[in-house]
There are 2 protein chains.
Amino acid sequence: MFQTSPLSPMIAKLARRHPLGSTEVDALLALPHRVARLERGSFLVREGDRATHCRVLLSGFVYRHKCTGEGARQIVSIHLKGDLVDLPNVMLDVADDSIQALTEVSVAIVPAEEILALALASPNIAKAMWADTMVDASILREWLINVARHDARQRIAHLICELALRQEAAGVCERLEYYWPLTQEQLGETTGLTSVHVNRTLQKLRAEGLLRTSARQLIVSDWEGLKVAGDFTAGYLHLTPATPSLARAFESA
Amino acid sequence: MFQTSPLSPMIAKLARRHPLGSTEVDALLALPHRVARLERGSFLVREGDRATHCRVLLSGFVYRHKCTGEGARQIVSIHLKGDLVDLPNVMLDVADDSIQALTEVSVAIVPAEEILALALASPNIAKAMWADTMVDASILREWLINVARHDARQRIAHLICELALRQEAAGVCERLEYYWPLTQEQLGETTGLTSVHVNRTLQKLRAEGLLRTSARQLIVSDWEGLKVAGDFTAGYLHLTPATPSLARAFESA
DNA sequence: CGCCCATTTGACAGCTTTCAAATCGCGTGG
DNA sequence: CCACGCGATTTGAAAGCTGTCAAATGGGCG
């Protein structure tokens, strides 16, 4: 039953942040929601929208972005399976930035009041969700450093390492061979570079034998080398082994 | 009584995020804490520390920072009066980055369990604190854009506008003339620039008549001009008029 | 087969960094 | 009251990474 709800990826993710009891898992499973499918490029949220709903990402990728006054676009986060995409908006009532589908996605849409009431009523759920938003903040700080202090090669290698581990943790794929959701243009919008420069830098990384790309698939040929190239250390992701706490969730369920 | 506790700045700040009732204000006032004074440069937290305490900033400035593998330092946030400086660390058990005093500061030190228990037990306090951490995340996203998409002049002007409004909101000073806590070196570490380039850029801003500096004091000569120069829009700060919700807090107290 | 979007390439300009070295400001001690 | 010392600010010249602007090439889908 836990396995079959569309919300299970979210519950699994939360349980990894803080152990949840059976009543809490049941309460999460009981959240009213409807599932929707959106095609690549669709807006889930536009900057300034009031947060009336919270979307749980069930499959695919979405990204948050914001534009400067001159129209330059910056991607500020990438979300994958299980993420409570607009929880931050719910906490602030309005959206600071737009959220758009990077690939075809399916989402569960939950009314904001429902998720907010549940989050505030149960200390364990609050802790799990809150911690989850704090991990997102930690990732954001790392992105800031990446953009501010790394050169193009480091920035790109760093992001590739991060997405490898996050996709692995979300149970979407293997670490060394995974679906790469970004065009080179979008990779530039994420790392603060031009698509032209992204292209040249990717060529270098390929020439160095660190990775290969085919279609939207990315293959890491040399994980250790890529980590070094990206000055990457995984601590900021606060990854927790999937099994133990999940087991706990099942135990108590 | 509300006014006289060292924790009042924090309570005022939280009440601006979400209305608090008298029992909640009392619970916050009852938090066990001791006040400490730290001199400029002291470490409040070091990367990797376990979060056993949460510090409430009572006066002065602190900043979070992290270093790359090559030793380049990046400041990822600046905190001022009333901020629950290491709430994010408490939520994740360990600190991702170091926190250091930018000026002489005084802080109230609260045991982590105490503040966590209170935050999770009271829905209104949870909402207020959670929203507050989400505003910090919003600021972080704006900093990312600032560093990734703005040139040196825009980055610096943007930060100056932000600190003006945040200090005004914290009730520390006037918007157009305020204490500037950063050296040019640190301003560079915040905006992803070299101190040399920061210096040259500040000279340009001064020559344009947008601002003046004397000692650690910053005077904005042309607020509108500075906003334009910094491509600055205040929305992301989620500032709320101080009076209404504070009044509410007093009413119910 | 053709269209459209994404990737690739080239040459050149420009913002920022680098590396010193000089100057300034200010608190301290004589 | 003035000299000293140290950190912060300022200045110069040269190198480098990244951006800009087109234009060509490639690949997938109808």
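Proteins come first, then strands; the chains are lettered A, B, ... in the order of their sequence lines, and each starts at number 1. From a predicted model like this one, the values you see are computed outputs, not experimental measurements.
Side-chain atoms of A/R141 do not come within 3.5 Å of backbone N or O of B/S77 as any donor-acceptor pair.
OP1 or OP2 of D/dG7 has not a single side-chain nitrogen or oxygen of B/Q184 nearer than 4.0 Å. Within the 4.0 Å cut-off from OP1 or OP2 of C/dT7, not a single side-chain nitrogen or oxygen of A/N199 is found. Between A/R216 and C/dT7, a side-chain N or O to OP1/OP2 separation shorter than 4.0 Å is present. Side-chain nitrogen and oxygen atoms of A/Q186 include none within less than 4.0 Å of the OP1 or OP2 phosphate oxygen of C/dA6.
Rounding to whole angstrom units, NZ of residue A/K204 and C1' of D/dT18 are separated by 10 Å. In this structure, A/L187 places its CG atom 13 Å from C1' of C/dA6, rounding to the nearest Å. Taking atom CD of residue B/E185 and atom P of nucleotide D/dC6, one finds them 19 Å apart after rounding to whole Å. Between the CG atom of A/L205 and the P atom of C/dT8 there is a distance of 12 Å, given to the nearest Å. Counting to the nearest Å, the P atom of D/dC29 and the CD atom of A/E104 are 13 Å from each other.
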Please enumerate all protein N or O atoms sitting under 3.5 Å from an N or O of nucleotides 14-24 of chain C, with distances to 0.1 Å.
from, atom 1, to, atom 2, distance (Å)
C/dT16, OP1, B/A152, N, 2.9
C/dT16, OP2, B/H197, NE2, 3.0
C/dT16, O5', B/H197, NE2, 3.4
C/dT17, OP1, B/G192, O, 3.4
C/dT17, OP1, B/T194, N, 3.3
C/dT17, OP1, B/T194, OG1, 3.4
C/dT17, OP2, B/T194, N, 3.2
C/dT17, OP2, B/T194, OG1, 2.9
C/dT17, O5', B/T194, OG1, 2.9
C/dT18, O4, B/R200, NH2, 3.2

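The nucleotide whose nearest atom lies closest to any side-chain atom of A/T183 is, among C/dT7, D/dT10, C/dT8, C/dT7.
Looking only at atom types and distance, the side chain of A/H65 has a donor-acceptor partner in the side chain of A/Q100 under 3.5 Å away.
We find that B/R166 and B/E162 are joined by a salt bridge, their nearest charged nitrogen and carboxylate oxygen being less than 4.0 Å apart. Using a 4.0 Å cut-off between charged nitrogen and carboxylate oxygen, A/E189 and A/R73 count as a salt-bridge pair. With respect to A/R153 and A/E208, a salt bridge is recorded, a charged nitrogen being found less than 4.0 Å from a carboxylate O. We find that A/K66 and A/D96 are not joined by a salt bridge, their nearest charged nitrogen and carboxylate oxygen being 4.0 Å or further apart.
Nearest heavy atom pair, residue A/C54 against residue A/D86, reads CA-OD1, 3.0 Å.
Environment of CZ in A/R34: sparse, with no more than 12 heavy atoms of neighbouring residues, nucleotides or ligands closer than 6.0 Å.
When the C1' atoms of four end pairs are superposed on the next four at each end of the helix from C/dC1-D/dG30 to C/dG30-D/dC1, using five pairs per end, the two resulting axes differ in direction by 40°, to 10°.
Ring pair B/F232/B/W223 is perpendicular by interplanar angle, where above 60° counts as perpendicular and below 30° as parallel.
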